[in-house]
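Once you've had a glance at the structure underneath, I'll fire off some questions.
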Amino acid sequence: MSRAQAESVIKNIIREIAQECAGKGQAVSETLVAFMVKAVVLDPANQFNVDRILTKDDVQKLIKICVDRLLDRRSATLDTIKMQVYFDMNYTTRADFLDEHRRVLEQRLLPVVREITDSRARTREELESLYRKIVSAVLLRSGLGSPTDIAVVREATAALQSVFPQTELGTFMSLVKRDKERQLVELTQIVTGIRLFNKECGKGGEGIDDLPAILNEAVPATTQNVDTAIQKACNTAFKYTAAIEKLQAEDPSNKLPLQALTEAHINSRQHESFLRIILNDVISCAQQVELLESQLASRLEQLQATVQSKTAVPTAQVYPQFINLAHIWSGFQDEMVLLSVLSNILASLEPYTRGHMESFTDDILGPLLEGVQVKTDEERIRETTGPDHKVEPKDFRDVDWLFPESTKNFERLPLQYRGYCGWSLVKYDRVLYPGNPSIGVLRYQDRYYVFSSKEAAYDFASDPEAYIMQVAECAKRSPELIQLLELHSQFATITPYTQGKEQGQMIEKPVTKCDMGVQTEVHPMESNIVKSYEWNEWELRRKAIKLANLRNKVTHSAQTNLSNLRRDNVTQVYLPKEVGSQTKQDGASNVPKPQVFLAGLRGGNTKTTVMTKMDLTLDVDQT
């Protein structure tokens with residue numbers, strides 16, 4: 001039979017079982033039916049062979065057994081399985097809770113936001129209606145008051161107008177849809193910050209609950225409720241353990257009350273385990289609330305210092321602070337949601353414990369506990385703590401033992417069977433005794449086992465594989481142990497949630513993963529984008545008119561005398577050379593200086609003046 005055919009057969013079996021139960025007045029989920037089918041097939045007492053194909057008679061037998069078990073209203077095993085299925089379907093991690101809450105909120109806001117982003121308002125009345133829708137969207141997203149409260153709407157409108165006046169609607173309308181959505185989120189945060197700041201200043205705050213004060217009351221109250229429920233579940237488990245010990249010591253052959261007590265004991269332990277997970281989350285809530293309160297006080301103080309009594313403050317200074325204030329308040333809202341979910345889960349787990357509480361009342365348990373000391377887990381651990389109860393590593397050759405004083409991060413070791421003793425599970429027929437790590441932690445195949453006594457440690461270490469297989473057989477007879485003891489590696493088909501490495505964390509499904517690489521071309525398809533394409537026919541008409549007008553136009557050009565200076569001209573010339581010449585002989589000449597003397601110009605004894613010119617120039621030879 002192929003895998004697809006097998007899955008089809010299983011689905012048909014599950015559907016038929018659910019229909020039969022519904023016909024008998026008991027509505028069951030398909031998840032619960034699927035878990036019960038696997039539990040019945042795994043139980044050796046039912047003699048189903050998983051290695052061969054089920055015959056028609058086997059299918060009918062399987063359906064009958066499953067229906068009988070699902071209709072047994074007083075079965076503690078069924079209650080435990082229902083509790084596990086409910087917790088698996090309703091509990092998840094803190095981050096997943098908040099992500100789902102935000103997703104649901106966005107889904108509810110989607111019609112309002114779409115109506116705003118798709119609006120094509122033109123007239124004054126339409127724009128006013130659009131602005132009112134924006135105010136409603138801001139109120140719904142922020143969660144600060146009801147959009148039907150007039151005082152709340154007026155305050156939100158005033159805050160929005162100080163940030164986004166109605167005259168800005170035209171700019172808002174011109175944005176693309178994604179930018180509109182982004183701006184709506186930003187406006188919501190700013191308006192939320194303004195209203196919270198006004199509330200702190202005593203000038204507004206209509207419809208805004210004091211979430212820090214509410215959380216300061218709710219968190220301790222929820223913690224107290226969870227602590228009370230844990231104490232009650234533990235006390236019940238301690239009583240069942242003492243009663244089982246007495247019955248096993250007096251009359252081990254009486255299987256009927258022992259079986260019922262063991263199932264009730266497992267139910268109480270599972271309830272305790274889930275309550276501790278819830279308590280861990282509530283403590284995380286308390287720590288987060290404390291952190292948010294300090295951030296809120298610091299941010300409000302900074303805003304007071306920034307604003308003070310100024311009439312105008314730059315938006316670049318206050319808007320980021322308003323947005324941060326809105327984020328802090330959103331954190332308080334998240335803690336309220338998370339605390340509400342955890343409280344609902346806490347209340348919903350209690351009905352799954354009523355069956356065995358009604359079956360084993362104090363009147364019934366009283367005779368069983370006569371003369372018996374009801375020990376708590378702490379008392380059992382205290383009795384086996386000390387040097388005399390520690391394992392001696394030298395007594396073993398091929399086995400590793402870890403001790404608190406010699407192992408780093410000893411308290412963070414991922415203990416098998418959720419810290420219960422595997423040897424006691426086998427020895428005392430599925431009774432859950434707490435392991436004592438101070439005795440010694442056995443490391444076998446990279447798994448860590450704790451024990452309730454030194455004797456248990458020595459017996460288990462002598463043949464670990466045999467005890468591990470016997471624990472698995474115990475889980476087949478009580479399938480609720482698969483989830484409680486985290487036996488997913490041995491029962492890979494039953495994994496409603498995964499193992500968490502840290503105590504108090506929910507476990508999740510083991511996922512088989514493999515590395516894979518895919519390489520594609522950068523552009524597998526050639527792009528064919530026409531830059532000149534226009535979808536608007538009016539733009540095409542404008543271009544056509546422009547081209548038609550160009551046909552009647554002439555381009556003229558002219559050059560003036562000075563226009564040639566506007567361009568760069570380049571001229572290349574030969575560089576001047578240095579030239580020299582030399583004569584054969586230097587020559588020189590000297591001539592006499594001409595000298596002439598004129599005599600007789602002064603006159604004399606004679607009446608006429610007779611000038612006599614005398615040449616006094618020397619001859620060349622005389623020079």
Side-chain angles (χ1 to χ4, degrees), residues 105-106 108-109 111-117 119 121-175 179-214 296-297 299-333:
L105 180 61
E106 291 295 330
R108 291 177 179 175
L109 285 174
V112 180
V113 174
R114 185 185 295 117
E115 193 172 355
I116 294 172
T117 56
S119 175
R122 291 292 182 270
T123 64
R124 181 177 179 180
E125 291 77 10
E126 291 175 345
L127 291 174
E128 290 178 353
S129 175
L130 176 62
Y131 199 80
R132 287 194 295 270
K133 291 176 183 177
I134 294 177
V135 173
S136 299
V138 167
L139 284 173
L140 290 172
R141 189 186 296 274
S142 66
L144 303 182
S146 171
T148 58
D149 190 335
I150 301 300
V152 173
V153 172
R154 286 177 179 174
E155 182 182 339
T157 304
L160 183 62
Q161 285 177 345
S162 65
V163 179
F164 180 72
Q166 197 165 346
T167 55
E168 296 291 331
L169 280 176
T171 307
F172 178 80
M173 296 287 293
S174 64
L175 298 175
D179 291 340
K180 289 180 181 178
E181 294 174 351
R182 189 182 298 111
Q183 186 167 354
L184 283 175
V185 173
E186 185 175 349
L187 288 174
T188 302
Q189 294 172 345
I190 296 174
V191 170
T192 300
I194 292 174
R195 294 187 63 202
L196 292 172
F197 181 69
N198 290 340
K199 179 179 183 295
E200 179 67 17
C201 297
K203 299 178 181 178
E206 285 290 334
I208 301 178
D209 296 326
D210 191 357
L211 294 187
I214 295 173
L296 178 65
R299 178 55 61 190
L300 288 173
E301 185 178 350
Q302 291 181 14
L303 269 170
Q304 290 281 7
T306 303
V307 177
Q308 293 178 351
S309 58
K310 299 177 183 177
T311 56
V313 183
T315 58
Q317 294 182 16
V318 292
Y319 281 5
Q321 297 192 50
F322 285 142
I323 292 174
N324 182 261
L325 184 60
H327 283 307
I328 295 172
W329 197 261
S330 176
F332 283 113
Q333 293 173 329

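The basis for the numbers below is simple: all heavy atoms, side chains too, and nothing from hydrogens, waters or symmetry mates.
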Working note: R182 + L175, criterion side chain to side chain contact (heavy atoms under 4.5 Å, CB included); need CA distance, chi angles, decisive distance, verdict. CA-CA 10 Å; R182 189 182 298 111; L175 298 175; over 6 Å; no

Heavy atoms of A137 and V112 approach each other most closely as CB-CG1, 3.9 Å

Got a donor-acceptor contact below 3.5 angstrom from the T188 side chain to the L184 backbone? yes

Interatomic spacing from CG in L144 to CG in D209 - rounded to 0.5 Å: 9.0 Å

Spatial distance of atom CZ (F164) from atom CD1 (I134) [nearest 0.5 Å]: 5.0 Å

Measure across V153 and S146 and return the closest heavy-atom pair with its distance rounded to 0.1 Å. CG2-O, 4.5 Å

Taking everything shown except E168 itself, do over 12 heavy atoms lie less than 6.0 Å from its CD? yes

Pair R154, T157 - check side chain to side chain contact (heavy atoms under 4.5 Å, CB included), show working. CA-CA 5 Å; R154 286 177 179 174; T157 304; 5.7 Å; no

Closest heavy-atom pair, S162 versus Y319, reported as atoms and distance to 0.1 Å, is O-OH, 4.0 Å

How about E186: does its CD atom have over 12 heavy atoms from other parts shown lying under 6.0 Å from it? no

Rounded to the nearest 0.5 Å, what separation is found between the CD atom of Q302 and the CD atom of Q321? 5.5 Å

Between the OG atom in S142 and the CG atom in L196, the distance rounded to the nearest 0.5 Å is 8.5 Å

Pair T192-R141, side chain to side chain contact (heavy atoms under 4.5 Å, CB included): steps then yes or no: CA-CA 10 Å; T192 300; R141 189 186 296 274; over 6 Å; no

Y131 vs L160, side chain to side chain contact (heavy atoms under 4.5 Å, CB included): CA-CA, chis, key distance, verdict: CA-CA 10 Å; Y131 199 80; L160 183 62; 3.6 Å; yes

Which pair of heavy atoms, one from I323 and one from Q189, lies closest together, and at what distance? CG2-OE1, 3.3 Å

When every non-hydrogen atom of R122 is compared with those of L127, the smallest separation belongs to O-CD1, 4.1 Å

R195 versus E206, closest heavy-atom pair with distance: NH2-O, 2.7 Å

With F172 as reference, evaluate D179, I116, L187 under the side chain to side chain contact (heavy atoms under 4.5 Å, CB included) test and give the passing residue. I116

Are W329 and P212 side-chain neighbours, meaning at least one heavy-atom pair lies under 4.5 Å? yes

Using 0.5 Å steps for rounding, measure from the CG atom of L211 to the CD1 atom of I328. 13.0 Å

Hey, does V163 have a side-chain heavy atom less than 4.5 Å from the side chain of F322? no

The reported gap from CG in L140 to CG in L105 (rounded to nearest 0.5 angstrom) is 8.5 Å

